[in-house]
Amino acid sequence: MLYYLFRFLNQFGIAGSHIWGYISFRALLALILSLVISVYFGEYFIKYLKKKQITETARDEKIDPFGTQKIGVPSMGGIIIIAAILIPVILLGRMRNIYLILMIITTVWLGVLGGLDDYIKIFRHDKEGLHGKFKIIGQVGLGLIVGLVLWASPDAKINENLAIERQGMETVVKHRSQPAKSLKTTIPFVKGHNLDYSKVMGFMGKYKTAAGWILFVIMTIIVVTAVSNGANLNDGMDGMCAGNSAIIGVALGIFAYVSSHIEFAAYLNIMYIPGSQELVVFMCAFIGALIGFLWYNSYPAQVFMGDTGSLTIGGIIAVSAIIIHKELMLPILCGIFFMESLSVIMQVSYYKMGKKRGIKQRIFKRTPIHDHFRTGKDKMDGECRYLINRPRGVLFESKITTRFWIISIILAALTIITLKIR
């Protein structure tokens with residue numbers, strides 16, 4: 001809204017109005033505004049949640065191992081994050097941009113889905129919340145919408161990096177002169193640096209392009225579902241999901257910026273994606289909202305984000321990566337989310353294997369993996385065999401959270417480095 005207002009005023013030579021055309025100005029302003037909204041208005045919203053008794057009732061443990069009360073803490077704090085993202089984006093973004101529209105749809109769609117889950121848990125006192133199949137249907141539906149829009153929209157185009165030439169001591173990357181629809185995506189540690197979905201489906205002959213787009217839509221569905229569920233599992237400790245996601249958001253913001261700048265894209269030998277600069281505004285609002293939320297969510301938490309926040313956060317990360325053709329780099333960038341999901345799958349599978357043989361066995365003390373580090377002997381089954389039972393003591397939540405943040409920083413740095421390691 002403000003972008004269009006000041007662009008109009010710039011036609012009349014109004015001093016300072018031209019600055020709204022700079023992506024760096026709008027992005028940093030979005031970061032500041034989202035942070036202020038989540039911190040300042042978050043306080044009033046938390047008081048409202050307490051007044052209406054919209055509080056946590058479905059925790060496995062009412063009190064953590066060090067005596068911090070968990071039951072009774074306001075939940076559905078994800079609404080703070082969603083509001084702190086959408087308000088700056090609507091004010092500062094170019095609302096005709098297809099990528100920005102998709103990000104807004106993602107935020108609202110998963111916010112509603114997560115909100116329904118929290119509503120059932122809090123107001124209907126059902127610990128299970130929204131049935132798993134309905135969550136999956138919602139996530140698959142969003143993935144389908146995003147994939148089909150990127151397939152069909154004439155605005156979703158890229159300038160492929162076509163050739164690498166040596167000019168003296170310099171390496172020059174040439175991009176396609178005109179943007180076009182493309183099924184290429186960036187992959188790490190590979191010399192060619194790109195994977196073409198249509199080539200993967202080359203066995204389909206003359207139908208390989210159509211089959212490639214179908215594969216892309218399927219991949220979009222898988223990525224959206226996997227990352228949103230991974231973020232949901234990661235939201236189990238104070239400040240955990242918000243901190244990790246903010247770090248991931250910084251990396252994705254950097255990717256979006258270099259992908260929207262043809263010179264940076266050439267230097268890094270990645271695809272130039274016209275219009276993706278608006279994702280920088282969105283990701284800055286995303287980062288600011290999460291940092292502001294940490295003001296109240298850091299240990300000991302004054303508010304929990306609930307599924308309203310965690311599902312939305314995961315979806316935002318997934319869709320933004322898909323838009324800038326970096327979805328295959330998410331296993332590295334979102335390594336924490338991946339390990340959270342994998343630990344649950346491993347634990348369940350290993351337990352079922354033992355059950356068939358009449359043996360009670362587990363790999364970890366508890367899952368998701370972050371719970372393994374805060375589970376002491378008093379919470380362990382004495383009749384069960386544990387493959388990994390270290391550390392034997394219990395770690396503070398703040399220590400576990402901080403260490404997970406450090407790992408996320410390392411993974412984010414490694415993901416960015418992969419652009420130059422081939």
Side-chain angles (χ1 to χ4, degrees), residues 34-35 37-39 41-46 48-50 52 54-59 70 73-89 103-123 129-130 135 138-139 142 224-225 227-249 252 282-283 285-320 334 336-337 340 368 370 401 404-405 408:
S34 63
L35 199 156
I37 290 171
S38 58
V39 171
F41 293 101
E43 180 180 0
Y44 295 98
F45 187 70
I46 291 169
Y48 172 81
L49 292 175
K50 285 182 178 179
K52 297 295 182 179
I54 305 174
T55 56
E56 184 63 64
T57 59
R59 289 263 165 171
K70 295 293 184 180
V73 176
S75 190
M76 295 188 76
I79 295 173
I80 299 172
I81 298 172
I82 292 170
I85 292 172
L86 292 180
I87 293 172
V89 166
M103 295 307 298
I104 292 173
I105 290 172
T106 298
T107 305
V108 175
W109 184 289
L110 289 177
V112 171
L113 185 68
L116 287 172
D117 184 75
D118 287 334
Y119 176 85
I120 293 170
K121 288 178 182 176
I122 294 170
F123 293 99
L130 186 66
K135 282 187 183 180
Q139 292 163 334
L142 175 65
V224 170
T225 304
V227 179
S228 57
N229 282 329
N232 187 232
L233 289 173
N234 188 234
D235 180 35
M237 287 188 179
D238 300 348
M240 175 73 80
C241 185
N244 289 323
S245 300
I247 294 164
I248 293 168
L252 288 172
F282 189 95
M283 293 314 296
F286 177 70
I287 295 162
L290 290 174
I291 294 173
F293 185 72
L294 278 172
W295 189 272
Y296 303 106
N297 186 238
S298 57
Y299 185 85
Q302 297 170 254
V303 65
F304 297 137
M305 67 172 67
D307 282 25
T308 308
S310 59
L311 288 179
T312 305
I313 286 170
I316 287 170
I317 290 170
V319 174
S320 60
C334 299
I336 290 292
F337 295 168
E340 297 276 32
H370 62 258
T401 299
F404 272 58
W405 289 355
S408 286

I want to check something: taking the side chain as every heavy atom from C-beta on, are [X] and [Y] in contact at a cut-off of under 4.5 Å?
{"X": "Val303", "Y": "Phe293", "answer": "yes"}
{"X": "Pro74", "Y": "Ile54", "answer": "no"}
{"X": "Asp235", "Y": "Met240", "answer": "no"}
{"X": "Ile316", "Y": "Ile85", "answer": "yes"}

Does [X] reach the main-chain N or O of [Y] with its side chain, forming a donor-acceptor pair under 3.5 Å?
{"X": "Thr312", "Y": "Gly111", "answer": "yes"}
{"X": "Trp295", "Y": "Gly42", "answer": "no"}
{"X": "Asp118", "Y": "Thr308", "answer": "yes"}
{"X": "Ser34", "Y": "Ala285", "answer": "yes"}
{"X": "Asn234", "Y": "Gly230", "answer": "no"}

Working to the nearest 0.5 Å, report the span between [atom1] of [X] and [atom2] of [Y].
{"X": "Leu113", "Y": "Leu311", "atom1": "CG", "atom2": "CG", "result": "6.0 Å"}
{"X": "Met76", "Y": "Asp117", "atom1": "CE", "atom2": "CG", "result": "9.5 Å"}
{"X": "His370", "Y": "Asn244", "atom1": "NE2", "atom2": "CG", "result": "10.5 Å"}
{"X": "Phe304", "Y": "Thr55", "atom1": "CZ", "atom2": "OG1", "result": "10.0 Å"}
{"X": "Met305", "Y": "Ser75", "atom1": "CE", "atom2": "OG", "result": "10.0 Å"}

Between the side chains of Asp238 and Asn297, is a donor N or O closer than 3.5 angstrom to an acceptor N or O?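 No pair is found: no donor N or O on one side chain lies under 3.5 Å from an acceptor on the other.
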If the condition is ring pair (Phe, Tyr, Trp, His ring centres under 6.0 Å), which residues does Tyr296 pass it with, not counting sequence neighbours?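 Expected list: none.
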Does Lys135 form a side chain to side chain contact (heavy atoms under 4.5 Å, CB included) with Asp307? I'd like the steps, not just the answer. CA-CA 11 Å; Lys135 282 187 183 180; Asp307 282 25; 2.8 Å; yes
Looking only at non-hydrogen atoms, find the nearest pair between [X] and [Y] and report the distance.
{"X": "Gly288", "Y": "Ser38", "result": "O-OG, 3.8 Å"}
{"X": "Ser320", "Y": "Leu252", "result": "OG-CD1, 3.3 Å"}
{"X": "Ile336", "Y": "Ser408", "result": "CG1-OG, 3.4 Å"}

List for me each residue that meets side chain to side chain contact (heavy atoms under 4.5 Å, CB included) alongside Phe45, sequence neighbours excluded, and say none if there are none.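 Phe45: side chain to side chain contact (heavy atoms under 4.5 Å, CB included) contacts with Tyr48, Leu49, Ile79, Ile80.
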If the condition is side chain to side chain contact (heavy atoms under 4.5 Å, CB included), which residues does Ser245 pass it with, not counting sequence neighbours?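 Partners of Ser245 by the side chain to side chain contact (heavy atoms under 4.5 Å, CB included) criterion, ordered by chain and then number, come out as Cys241, Phe286, Leu290, Ile313, Ile317, Phe337.
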Side chain to side chain contact (heavy atoms under 4.5 Å, CB included) between Ile247 and Trp405: does it pass, once the steps are laid out? CA-CA 8 Å; Ile247 294 164; Trp405 289 355; 4.1 Å; yes
Step by step, would you call Leu86 with Val108 a side chain to side chain contact (heavy atoms under 4.5 Å, CB included)? CA-CA 9 Å; Leu86 292 180; Val108 175; 4.0 Å; yes
Carefully, step by step, assess Gln139 and Asn229 under the rule side chain to side chain contact (heavy atoms under 4.5 Å, CB included). CA-CA 9 Å; Gln139 292 163 334; Asn229 282 329; 3.0 Å; yes
